[in-house]
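Here is how names work: the chains are called A, B, and so on, in the same order as the sequence lines, proteins then strands, and each is numbered from 1. Here the structure is a predicted model, which is why all the values come from computation and not from measurement.
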Amino acid sequence: MTKEIIIAGFGGQGVVSSGIILGYAGLIEDKHVTFFPSYGAEMRGGTANCSVVISSEPVASPIVANPDIVVIMNEPSLARFEPTVKPQGLLFFNQTLITSRPKRKDITPIPVEANAIAEELGQGRIANMVMLGVMAKKTGLLKIETLKKAQRKRFIKADEEQLSLNDKALERGYALL
Amino acid sequence: MAEKRLMYGNHAVVEGVIAAGCRFFAGYPITPQNEIPELMSIRMNAIGGVFIQTESEIAAINMLFGAAAAGKRAMTSSSSPGISLMQEGISYIAGADMPVLVVNVIRGGPGLGNIAPAQSDYYQATRGGGHGDYFTITLAPNSGQDLFEFPKLAFELAEKYRNPALILADGLLGQMMEPVEFSYEPIDPKSLPEKEWALSGCKNRERRVVRSYDLKPGKLEEWNWRRLKKYEAIKKNEQRFEAIDCDDADLVVVAYGTCSRVSGAAVRMARVKGLKVGLLRPITLWPFPTDVLRDMSQRVENFLVVEMSCGQMIDDVKLATECRSKIHFHGRPGGGVPTPPEVFTKIEQALGGGR
Amino acid sequence: MKKIFGRPDGLTDTLLRYCPGCGHGIVHRIIGDLLVTLNIRERAVGIAPVGCSVFADEYFNCDMIQPPHGRGPAVSTGIKRSRPDCIVFSYQGDGDLAAIGTAEIIHAGARNENITIIFINNAIFGMTGGQLAPTTLPGMKSTTSVQGRDIEKQGYPIKVCELLSGLDGPYYLERCAVDTPKNIIKTEKAIKTAFKNQIDNKGFSMVEILSMCPTGWGKTPIQAKKWITDVMAQYYPLGVFCDRSKEEK
């Protein structure tokens with residue numbers, strides 16, 4: 001089993017954090033993982049994306065050209081990454097912020113009101129957690145409990161209030177499907 | 001087995017360097033390796049090592065020269081433009097037969113280039129890099145685990161042969177996170193033997209001189225011939241490589257570092273399609289694994305060299321295979337990174353089955 | 001017969017190859033003496049620059065290293081930080097220190113690196129044949145300023161003590177000369193202070209020494225000494241530019 005994932009959005013939408021959380025989660029479940037972010041010039045407020053590979057075997061290439069799964073947080077990323085998804089792949093998209101719709105018929109689009117749910121929970125910036133929750137459920141790739149542990153590894157300096165809120169967002173996403 | 005930690009490649013280097021018993025770092029910020037000096041400043045401070053953010057890469061490499069001459073394990077890291085600035089110092093260090101470790105997290109060039117991953121400093125690393133007849137031992141990691149383990153190997157080789165050692169990484173390896181196992185017990189620098197050539201004050205012994213020059217007629221020539229013998233020993237003893245699925249291969253992909261990961265995935269794709277394809281991954285770029293390639297070329301008809309450059313290592317492949325095989329090439333210069341399907345297409349084309 | 005004067009143990013038994021009337025020999029002698037009288041020879045590491053005094057690694061009877069042109073302060077830093085018990089001195093000429101090595105000397109000073117710098121200012125590139133140095137005086141002839149240094153085209157000389165005294169880092173900066181016996185005694189005192197500061201962990205100490213280069217200047221040794229007194233020391237005033245021990249009292 002090898003799953004190649006791309007997560008994309010604006011800088012500040014927690015794209016890189018989502019990728020690292022998936023990395024930690026994979027490691028916790030004893031899988032092979034790689035995480036590679038877009039870095040440098042792009043990291044200052046522009047678009048951000050990262051590639052994550054989770055596999056039962058050692059990961060050959062950390063470079064993902066045609067992902068099995070994409071998680072799209074904003075409009076420009078939909079246009080950029082929809083064409084790259086493997087046939088029969090999954091495209092999760094943040095419906096709250098994206099007005100256009102995926103066009104391909106050979107992939108499965110999964111709309112998620114990520115920002116709306118996050119705002120409802122009291123914090124727009126945890127929309128990425130909602131997305132991760134949905135993805136975990138739909139793919140069965142990782143356990144929700146693992147993601148909860150993983151986010152605590154990522155946000156090692158965060159207070160308990162924030163960490164519980166993140167857990168809630170993960171659960172809400174997980175319960176959506 | 002030790003616990004695995006998810007780490008950036010750049011952070012794995014830092015832990016590897018410290019575990020190797022190095023307590024001296026000098027360097028100057030440059031993307032995409034800034035995580036190395038950042039973490040190093042914290043770690044060295046915590047364990048009582050030396051961390052100096054220098055005024056330039058020139059100062060950094062010369063601080064290493066001093067620290068190495070004083071008998072200590074010393075390292076610096078930089079990226080391509082900064083490594084260019086260090087070449088003068090590396091030449092002197094090689095000329096004085098001193099061991100140091102230089103990590104190059106390569107970015108796109110020439111000039112300021114960009115900050116994307118590249119392998120375009122291959123010539124510089126494997127041909128000496130600066131002025132004069134010399135070579136630097138050059139290791140090419142392709143994973144976080146290698147980035148943790150190669151500093152120790154690099155110091156051991158550097159000290160065994162009294163020669164500078166390079167680790168040639170790239171922006172992708174530095175910025176990528178992977179699980180890393182701290183696979184060996186950290187070395188206590190105090191347990192490392194004193195060097196019989198180190199400058200430490202001439203109490204109870206003859207004074208020592210560290211230098212790279214000799215103006216007496218014929219002396220430098222003698223010295224250089226002697227150093228050549230050392231290089232020949234390194235070439236004989238230290239060629240390292242990894243060969244995957246090469247035994248029955250009609251085509252062998254030759255790639256190092258990031259390209260060896262990408263090519264490894266392409267080789268898997270090819271095998272799934274029933275194509276007999278293997279991967280040869282040089283681990284030492286200097287000494288280049290010439291012997292294994294020479295042997296392979298007796299029976300392998302096609303080699304495909306994959307590099308993130310316009311084609312540099314391909315020269316060494318051609319030299320090693322001595323015109324016996326067909327050498328194909330796929331390159332991505334200027335920060336381009338090949339993908340597995342891209343390399344797979346080249347494999348098909350090279351085998352004559354492609355479009 | 002009682003021996004009352006000889007070569008100090010701080011110098012090797014090697015014939016100095018400097019030109020007749022050159023100032024390097026005088027300064028070498030001073031350092032060679034001090035290595036013994038301060039009892040630091042056995043823990044000293046000296047840096048021989050690129051230039052005429054590249055051969056200093058043969059002359060000083062202690063551990064020596066010969067780094068790239070201008071990088072003495074960086075190499076010194078590497079040694080001193082690795083072996084704080086060593087007494088590290090960097091012997092540098094004006095091309096080495098004030099041209100190609102400007103960044104290294106300024107930053108070693110700014111860090112108050114605990115090292116000793118001996119800076120020989122003879123206003124010319126000696127080893128390479130008398131070219132314009134960063135310290136060549138306005139109007140002074142060199143092989144790359146045959147009409148004399150034209151400040152319109154070649155700019156002004158760099159006064160290193162004045163430049164470094166603008167920094168908060170350096171502990172001790174003094175300019176001396178070796179043109180007269182009186183000044184030679186002052187130079188010895190200054191270098192002694194610069195070494196003692198390092199022994200006492202006080203920090204960066206530099207002694208700039210106006211020194212004769214009769215060959216490069218096209219003068220006799222006697223004329224060269226007189227030229228320092230009459231001309232060079234007028235442009236580069238002698239004296240202490242920075243001494244933080246005064247602030248400590």
Side-chain angles (χ1 to χ4, degrees), chain B residues 22-26 28 44 49-74 76 86-93 95-96 98 100 130-131 189 194 197-216, chain C residues 9-12 14 17 35 39-50 54-88 90 100-111 113 115 127:
Chain B
C22 171
R23 294 292 180 274
F24 190 102
F25 176 94
Y28 185 88
M44 283 298 190
V50 177
F51 170 88
I52 307 172
Q53 183 169 324
T54 58
E55 60 271 30
S56 69
E57 289 86 350
I58 296 172
I61 192 68
N62 283 289
M63 287 183 192
L64 259 66
F65 189 15
K72 305 297 181 183
R73 290 193 166 176
T76 186
M86 291 183 190
Q87 291 305 328
E88 174 202 45
I90 295 173
S91 169
Y92 276 67
I93 291 166
M98 286 292 126
V100 298
H131 64 282
E194 281 283 333
W197 41 261
L199 304 182
S200 55
C202 59
K203 192 169 184 169
N204 301 327
R205 62 160 170 80
E206 288 292 297
R207 73 188 196 99
R208 292 171 183 160
V209 179
V210 170
R211 64 182 186 191
S212 61
Y213 80 98
D214 202 322
L215 303 185
K216 289 185 276 305
Chain C
D9 280 348
L11 293 177
T12 58
T14 310
R17 287 188 292 262
L35 289 175
N39 196 25
I40 53 175
R41 187 186 75 83
E42 293 187 329
R43 59 177 176 132
V45 180
I47 280 93
V50 172
V54 68
F55 299 119
D57 65 5
E58 288 181 39
Y59 302 149
F60 291 119
N61 190 18
C62 61
D63 279 2
M64 294 292 296
I65 180 169
Q66 198 293 306
H69 199 24
R71 317 304 173 208
V75 170
S76 302
T77 299
I79 298 167
K80 187 69 185 180
R81 298 272 191 121
S82 297
R83 293 194 183 268
D85 290 339
C86 284
I87 299 299
V88 182
S90 182
I100 200 165
T102 316
E104 284 77 9
I105 193 68
I106 287 176
H107 285 267
R111 291 192 304 269
E113 209 64 60
I115 54 177
M127 175 69 121

For residues [X] and [Y], report the shortest heavy-atom separation together with the two atoms involved.
| X | Y | value |
| --- | --- | --- |
| Tyr92(B) | Gln66(C) | CE2-OE1, 4.1 Å |
| Asn204(B) | Glu42(C) | N-OE2, 4.3 Å |
| Pro68(C) | Gly89(B) | CG-CA, 4.4 Å |
| Pro67(C) | Phe65(B) | CA-CE2, 3.8 Å |

Can you tell me how far the CZ atom of Arg81(C) sits from the NZ atom of Lys72(B), to the nearest 0.5 Å?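 Between Arg81(C) CZ and Lys72(B) NZ, I get 15.0 Å after rounding to 0.5 Å.
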Spacing of OG belonging to Ser82(C) relative to CZ belonging to Arg23(B), to within rounding of 0.5 Å: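 Result: 12.5 Å between the selected atoms.
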Taking [X] for the side chain and [Y] for the main chain, is one N or O donor matched with an acceptor at less than 3.5 Å?
| X | Y | value |
| --- | --- | --- |
| Arg83(C) | Ala70(B) | yes |
| Tyr213(B) | Val54(C) | yes |
| Asn62(B) | Ala74(C) | no |

Given the options Ile47(C), Ile40(C), Thr77(C), which has more heavy-atom pairs under 4.5 Å with chain B than any of the others?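 Among Ile47(C), Ile40(C), Thr77(C), the one with the most close pairs to chain B is Thr77(C).
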Looking at Arg43(C), His69(C), Glu58(C), Lys80(C), which makes the most heavy-atom pairs under 4.5 Å with chain B?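 Of the candidates given, the most pairs with chain B belong to Glu58(C).
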So does Glu55(B) pair up with Arg71(C), basic N to acidic O under 4.0 Å?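 Salt bridge flag = no for Arg71(C) with Glu55(B).
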So, Asp63(C) and Arg208(B), do they make that salt bridge, N to O below 4.0 Å?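 Not counted as a salt bridge, because no side-chain N and carboxylate O are separated by less than 4.0 Å.
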Answer with side chain, backbone, both or neither: which region of [X] has an atom nearer than 4.5 Å to a non-hydrogen atom of chain B?
| X | answer |
| --- | --- |
| Asp85(C) | neither |
| Phe55(C) | both |
| Thr12(C) | side chain |
| Arg41(C) | both |
| Val88(C) | neither |

Out of [options], return the one with the most heavy atom pairs under 4.5 angstrom to chain C.
| options | answer |
| --- | --- |
| Leu64(B), Leu215(B), Ile52(B) | Ile52(B) |
| Glu206(B), Lys203(B), Arg205(B) | Lys203(B) |
| Ile93(B), Val50(B), Val210(B), Ile61(B) | Val210(B) |

Under 4.5 Å from any heavy atom of chain C, what part of Ala59(B) do you find: side chain, backbone, both or neither?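 Both backbone and side chain of Ala59(B) come within 4.5 Å of chain C.
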Contact origin within Ala74(B) toward chain C - heavy atom pairs under 4.5 Å: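 For Ala74(B), no heavy atom lies under 4.5 Å from chain C.
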If we only count heavy atoms from C-beta on, is the Ile65(C) to Val209(B) side-chain gap below 4.5 Å?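 Not touching, per the 4.5 Å side-chain cut-off.
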Quick check: do Ser56(B) and Glu104(C) have side-chain heavy atoms less than 4.5 Å from each other?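 In contact.
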More than 12 heavy atoms of other groups within 6.0 Å of Asp214(B) CG: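 Correct, the count exceeds 12.
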